[in-house]
Amino acid sequence: MNDDATTGHQIRSMTVLPARREDVELHTADGLTLVGELALPAAKEPVASLLTFHPLPTHGGFMDSHVYRKAAWRLPELADLAVLRFNTRGTSSARGTSQGEFDGGDAERYDVAAALELAEFRELPHPWLVGWSFGTELVLKHGADPSIEGAILLSPPLHRATDADLDRWAAFGKPLVVLVPEHDDYLRPAEARERFARVPQAEVIGVDGAKHLWVGEPAVRRVLDEIVQHVLPGHASLPTHYDGEVQHASDVAPATTRG
């Protein structure tokens with residue numbers, strides 16, 4: 001790895017770095033099977049883990065939503081992180097369709113629990129929850145579990161999550177990192193700081209120029225850097241170039257590039 005713009009392969013939106021990737025199934029307490037993928041460092045054990053929860057499936061969110069896809073393509077190699085992505089109930093992607101039906105964030109509590117159980121079963125170290133948009137609602141409503149290290153929220157709308165959910169996180173006491181785009185469609189930094197003031201340990205970070213969907217490589221790089229810096233304090237900024245062999249997403253699994 002290096003960050004020298006003159007050498008190595010530039011890490012672009014469709015660059016896939018080495019990792020051990022495997023299809024996984026998550027099993028919920030109400031009898032459903034959810035489909036997903038676990039990406040692990042190629043040559044060593046992970047030092048920490050990200051359990052990701054995707055945006056609203058009724059508006060195109062799924063396990064391949066681009067920030068999570070790029071996290072799985074990059075972070076096992078660049079930061080020694082395990083990355084779990086999966087489709088919540090009733091959601092489809094190239095990986096397949098998870099059983100069940102979308103329930104607006106209520107029955108999805110079983111999906112959150114299934115992800116935590118898989119992390120425990122696989123002995124994934126130091127798990128952090130990462131929610132994006134609708135996924136932040138699942139984290140806030142159902143994710144305050146003693147097994148986790150903390151949570152990172154991307155573009156939280158705070159539509160379904162209530163003050164009671166925020167108060168529960170305040171009492172929970174573990175870190176809550178909140179990345180809020182300057183031009184978010186639902187909740188912008190000033191209002192986010194007011195709403196999350198109920199959670200003393202919440203760190204609200206406004207991101208200049210960003211929008212709800214974090215479109216563009218600069219926005220993705222900022223998100224991934226913030227995730228790594230909070231999960232692994234003191235870690236170097238992620239490089240823009242990579243010295244080893246890389247693949248293009250179309251050579252790995254063309255169908256996974258949508259979203």
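What you see is a predicted model; the values in this text were computed from it and never measured. As a basis for the values below, the full set of heavy atoms in this structure was taken, side chains included, without hydrogen atoms, waters or symmetry mates. We number each residue from 1, following the sequence as shown.
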Find the distance between [atom1] ([X]) and [atom2] ([Y]) and round it off to the nearest 0.5 Å.
{"X": "Q201", "Y": "L176", "atom1": "CD", "atom2": "CG", "result": "6.5 Å"}
{"X": "L38", "Y": "D23", "atom1": "CG", "atom2": "CG", "result": "10.5 Å"}
{"X": "D184", "Y": "E191", "atom1": "CG", "atom2": "CD", "result": "10.0 Å"}
{"X": "K141", "Y": "R109", "atom1": "NZ", "atom2": "CZ", "result": "10.0 Å"}
{"X": "S250", "Y": "M14", "atom1": "OG", "atom2": "CE", "result": "8.5 Å"}
{"X": "L166", "Y": "L140", "atom1": "CG", "atom2": "CG", "result": "6.0 Å"}

In sequence, state the C-alpha distance, the side-chain angles, and the governing distance for E137 and H142, and then conclude on side-chain hydrogen bond (donor to acceptor under 3.5 Å, both in side chains).
-> CA-CA 8 Å; E137 313 274 37; H142 311 305; over 6 Å; no

List in chain and number order the residues that pass ring pair (Phe, Tyr, Trp, His ring centres under 6.0 Å) with Y110, two or more places apart in sequence or in another chain; answer none if no residue qualifies.
->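 With sequence neighbours excluded, Y110 shows a ring pair (Phe, Tyr, Trp, His ring centres under 6.0 Å) to no residue whatsoever.
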
After noting the C-alpha distance and the side-chain angles of V231 and L50, does the key distance pass the side-chain contact (heavy atoms from CB on, under 4.5 Å) rule?
-> CA-CA 9 Å; V231 172; L50 307 179; 3.9 Å; yes

For the student: nearest non-hydrogen atoms of [X] and [Y], plus distance:
{"X": "A79", "Y": "L232", "answer": "O-CD1, 3.4 Å"}
{"X": "P57", "Y": "T91", "answer": "CB-OG1, 3.2 Å"}
{"X": "T136", "Y": "P157", "answer": "OG1-CD, 3.5 Å"}
{"X": "A115", "Y": "L51", "answer": "O-CD1, 4.0 Å"}
{"X": "A114", "Y": "H27", "answer": "CB-O, 3.6 Å"}
{"X": "S49", "Y": "P125", "answer": "OG-O, 2.8 Å"}

Could you go step by step and tell me if R222 and L179 meet the side-chain contact (heavy atoms from CB on, under 4.5 Å) rule?
-> CA-CA 10 Å; R222 175 65 186 277; L179 299 185; 5.9 Å; no

Show your working on salt bridge (charged side-chain N to carboxylate O under 4.0 Å, His left out) between R168 and D165 and close with a plain yes or no.
-> CA-CA 5 Å; R168 186 182 312 111; D165 296 314; 2.9 Å; yes

Has the side chain of [X] got a donor or acceptor atom that lies under 3.5 Å from a matching backbone atom of [Y]?
{"X": "Q99", "Y": "T33", "value": "yes"}
{"X": "Y68", "Y": "V130", "value": "yes"}
{"X": "D103", "Y": "G105", "value": "no"}
{"X": "R21", "Y": "A72", "value": "yes"}
{"X": "E182", "Y": "G209", "value": "yes"}
{"X": "R85", "Y": "S65", "value": "no"}

So do the side chains of [X] and [Y] get within less than 4.5 Å of each other, counting heavy atoms only?
{"X": "L238", "Y": "L75", "value": "yes"}
{"X": "V35", "Y": "T97", "value": "no"}
{"X": "L224", "Y": "Q229", "value": "no"}
{"X": "E22", "Y": "R20", "value": "no"}
{"X": "R89", "Y": "D30", "value": "yes"}
{"X": "F172", "Y": "I148", "value": "yes"}
{"X": "T52", "Y": "W132", "value": "no"}
{"X": "V139", "Y": "W169", "value": "yes"}

Strictly by modelled atom types, are [X] and [Y] linked by a side-chain donor-acceptor pair under 3.5 Å?
{"X": "H9", "Y": "T15", "answer": "no"}
{"X": "W214", "Y": "S155", "answer": "yes"}
{"X": "N87", "Y": "S93", "answer": "yes"}
{"X": "H241", "Y": "Q10", "answer": "no"}

Taking S133 as the fixed residue, which of H59, H159, H54, H212 is the one that meets the side chain to side chain donor-acceptor pair (under 3.5 Å) rule?
->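 Checked H59, H159, H54, H212 against S133; only one passes side chain to side chain donor-acceptor pair (under 3.5 Å): H212.
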
Using the rule that two of Ile, Leu, Val, Met, Phe, Trp, Tyr join whenever any of their side-chain heavy atoms come within less than 4.5 Å, decide whether [X] and [Y] are in one cluster.
{"X": "V16", "Y": "M63", "answer": "no"}
{"X": "V204", "Y": "I152", "answer": "no"}
{"X": "L158", "Y": "V199", "answer": "yes"}
{"X": "L17", "Y": "V47", "answer": "yes"}
{"X": "I227", "Y": "L40", "answer": "no"}

Is it the case that more than 12 heavy atoms not belonging to [X] sit under 6.0 Å from its [atom1] atom?
{"X": "R193", "atom1": "CZ", "value": "yes"}
{"X": "E217", "atom1": "CD", "value": "yes"}
{"X": "K174", "atom1": "NZ", "value": "yes"}
{"X": "E123", "atom1": "CD", "value": "no"}

T28/L34 under side-chain contact (heavy atoms from CB on, under 4.5 Å): CA gap, chis, key distance, verdict = CA-CA 8 Å; T28 69; L34 314 178; 3.7 Å; yes

Taking the six-membered ring for Trp, are F102 and F134 ring centroids under 6.0 Å apart?
->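 Under 6.0 Å, so yes.
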
Aromatic ring proximity, centroids under 6.0 angstrom, H66 and W73 | no

What do the steps show when you test L116 against D145 for side-chain contact (heavy atoms from CB on, under 4.5 Å), and what is the final call?
-> CA-CA 8 Å; L116 293 167; D145 186 271; 3.6 Å; yes

Side chain to side chain contact (heavy atoms under 4.5 Å, CB included), paired with F53, selected from L84, D111, V112, L154 |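 Among L84, D111, V112, L154, the one meeting side chain to side chain contact (heavy atoms under 4.5 Å, CB included) with F53 is V112.
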
For salt bridge (charged side-chain N to carboxylate O under 4.0 Å, His left out), just list the numbers for D185 and K211, CA-CA rounded to whole Å, side-chain angles, deciding distance to a tenth of an Å, and then say yes or no.
-> CA-CA 7 Å; D185 298 317; K211 297 183 179 180; over 6 Å; no

